Amino acid sequence: MAANHFTNEFNQPLGAVVPDWTGGEFPPHQVMSGWGCRLEPLDPAQHGGSLWQAFSADDGAMWTYLTSGPFEDESALRAWLQQCAAKVDPQFYVIVDEPSGKALGLASYLRIDPAAGSIEVGWLHFSPAMQRTRLSTAAMALMMGRAFALGYRRYEWKCNDLNLPSRQAALRLGFRYEGTFRQARVDKGRSRDTAWFSVIDREWPALQGCFARWLAGDNFDGAGGQRLRLSDLTAACRAQADQMP
């Protein structure tokens with residue numbers, strides 16, 4: 001039996017004791033910033049125009065695996081943003097590139113369960129200008145960091161099992177694949193299997209170091225090329241976590 005399991009008086013296995021557990025805190029809907037990234041609470045009046053401009057650069061591919069969009073015009077996008085902004089869970093943020101001040105993407109916390117210590121990141125809408133950039137990694141690092149600072153023990157990422165870029169992104173960011181829920185949803189009239197990934201609190205300190213190292217200015221050359229790959233750093237973190245008792 002694993003070292004972190006115990007048995008009761010009936011010889012039944014039990015999980016490890018979590019001392020003084022009181023749960024996490026519900027995330028305050030406040031600005032997060034770092035590494036040239038600024039996450040602002042969604043305000044359709046303030047952000048709608050910039051998001052429409054950023055999303056309009058896409059040919060439609062970014063919406064394939066998303067439950068929303070594409071939108072015919074800016075008015076339709078703003079109407080959807082109004083619905084998003086009115087929600088408490090999911091809790092939506094706009095991803096802003098600080099140097100330019102442009103809103104380039106959306107992200108949210110969802111399935112927020114302070115009592116269980118579990119929270120998910122999702123509703124990720126990254127415009128073409130944001131995809132595969134330092135900005136997108138900074139946004140994810142900021143959101144993960146806040147979640148663990150608020151006392152959450154489990155941070156989740158879920159995606160359509162057929163969405164290979166999302167699956168690869170989860171692994172690159174240090175998430176661990178946990179399995180696939182078959183026929184979990186029907187999205188846009190099509191059956192969806194959902195792949196589950198997670199990071200847990202004991203893994204965060206090492207991952208935090210990976211993000212800080214990768215996002216550091218000296219990790220990029222004059223042309224913006226990376227010197228160290230984040231996927232290499234986080235793979236080493238996962239291997240280290242596998243050695244933990």
Side-chain angles (χ1 to χ4, degrees), residues 1-6 12-18 21 23-27 64-67 89-91 106-126 131-132 136-137 139-187 190-211 214 229-245:
M1 185 171 296
N4 62 342
H5 287 173
F6 306 90
Q12 296 168 313
L14 301 173
V17 173
V18 183
W21 172 248
E25 299 178 39
F26 197 91
T64 298
Y65 297 110
L66 299 175
T67 57
D89 182 355
Q91 184 187 85
L106 283 173
S108 79
Y109 291 128
L110 68 155
R111 303 186 189 278
I112 303 167
D113 192 343
S118 177
I119 191 169
E120 182 179 343
V121 62
W123 289 94
L124 303 179
H125 293 65
F126 292 175
Q131 293 168 14
R132 302 177 67 86
S136 63
T137 301
M140 295 298 93
L142 289 168
M143 292 186 73
M144 194 183 300
R146 173 172 284 183
F148 287 118
L150 290 171
Y152 288 87
R153 304 177 65 237
R154 174 178 171 83
Y155 192 71
E156 297 180 336
W157 175 296
K158 302 185 184 82
C159 64
N160 189 312
D161 191 56
L162 297 175
N163 188 351
L164 182 59
S166 185
R167 292 173 60 99
Q168 291 174 332
L171 295 174
R172 175 180 175 273
L173 292 167
F175 287 82
R176 184 183 298 270
Y177 172 66
E178 295 183 325
T180 296
F181 283 31
R182 299 177 301 163
Q183 296 187 186
R185 303 172 54 100
V186 176
D187 286 343
R190 294 184 179 273
S191 181
R192 165 175 152 164
D193 295 350
T194 297
W196 286 51
F197 300 82
S198 73
V199 173
I200 58 176
D201 54 355
R202 70 177 185 177
E203 297 164 346
W204 169 240
L207 278 178
Q208 185 177 29
C210 291
F211 286 129
W214 189 83
R229 297 198 313 167
L230 182 61
S231 57
D232 291 338
L233 297 173
T234 55
C237 284
R238 275 195 301 273
Q240 181 182 8
D242 288 340
Q243 304 304 314
M244 293 181 181

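Everything quoted here is computed from the prediction, not taken from an experiment. Worth knowing before you read on, the calculation uses all heavy atoms, side chains too, and leaves out hydrogens, waters and symmetry mates.
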#### Entry: F26 vs Y109 side-chain heavy atoms within contact, under 4.5 Å
no
### Message
Please check this pair: side chain of R172 against backbone of T137, looking for a donor-acceptor N/O pair closer than 3.5 Å.
### Response
no
### Summary
Residue set satisfying side-chain contact (heavy atoms from CB on, under 4.5 Å) with Q208, at least two apart, ordered chain then number -> W204
### Query
Minimum heavy-atom separation for A16 to F6, with atom names?
CA-CE1, 3.6 Å
### Pairwise distance OG(S198) to CZ(R153) - rounded to 0.5 angstrom
11.5 Å
### Task
Indicate yes or no for a side-chain donor-acceptor contact from E120 to the backbone of E156 under 3.5 Å, with no hydrogens or angles considered.
no
### Query
Looking only at heavy atoms, what is the nearest atom pair of R192 and C159, with distance?
NH2-C, 3.6 Å
### Message
Given 3.5 Å as the limit, does a donor-acceptor pair link the side chain of W21 with the main chain of A115, or not?
### Response
yes
### Query
What are the two closest heavy atoms between R154 and W196, and how far apart are they?
NH2-CE3, 3.9 Å
### Task
Look only at the side chain of Y152 and the backbone of I200, and say whether a donor-acceptor pair between them is shorter than 3.5 Å.
no
### Task
Hey, could you give me the CZ/CG distance between F148 and D201, rounded to the nearest 0.5 Å?
6.5 Å
### Query
Does the D89 side chain pair with the main chain of R111, one donor and one acceptor, at a distance under 3.5 Å?
yes
### Gap separating the OG1 atom of T194 from the CG atom of N163, nearest 0.5 angstrom
11.0 Å
### Task
Rounded to the nearest 0.5 Å, what's the gap from NZ on K158 to CZ on F175? Could you check?
10.5 Å
### Query
What is the minimum heavy-atom distance between S108 and W123, and which atoms define it?
OG-CD1, 3.4 Å
### Message
side-chain contact (heavy atoms from CB on, under 4.5 Å), that's the test. Do M140 and L124 meet it? Break it down for me.
### Response
CA-CA 10 Å; M140 295 298 93; L124 303 179; 3.9 Å; yes
### Task
Measure the acute angle between the ring planes of F197 and Y177, then classify it against the limits of 30° and 60° as parallel, tilted or perpendicular.
tilted
#### Entry: Full working for side-chain contact (heavy atoms from CB on, under 4.5 Å) between L207 and T234
CA-CA 7 Å; L207 278 178; T234 55; 3.7 Å; yes
#### Entry: Over 12 non-hydrogen atoms of neighbours within 6.0 angstrom of CD in Q12
yes
### Message
Once rounded to the nearest 0.5 Å, what's the spacing between atom OH of Y65 and atom CG of L162?
### Response
5.5 Å
### Between CG on residue D232 and CH2 on residue W214, distance to nearest 0.5 Å
12.0 Å
### Query
side-chain contact (heavy atoms from CB on, under 4.5 Å) between L230 and F211: does it pass, once the steps are laid out?
CA-CA 7 Å; L230 182 61; F211 286 129; 3.9 Å; yes
### Query
Nearest heavy-atom pair of M143 and A107: which atoms, and what distance?
SD-CB, 3.7 Å
### Task
Give the intermediate values and the outcome of side-chain contact (heavy atoms from CB on, under 4.5 Å) for residues D161 and R167.
CA-CA 8 Å; D161 191 56; R167 292 173 60 99; 2.3 Å; yes
### Query
Minimum heavy-atom separation for P27 to I112, with atom names?
CD-CG2, 3.7 Å
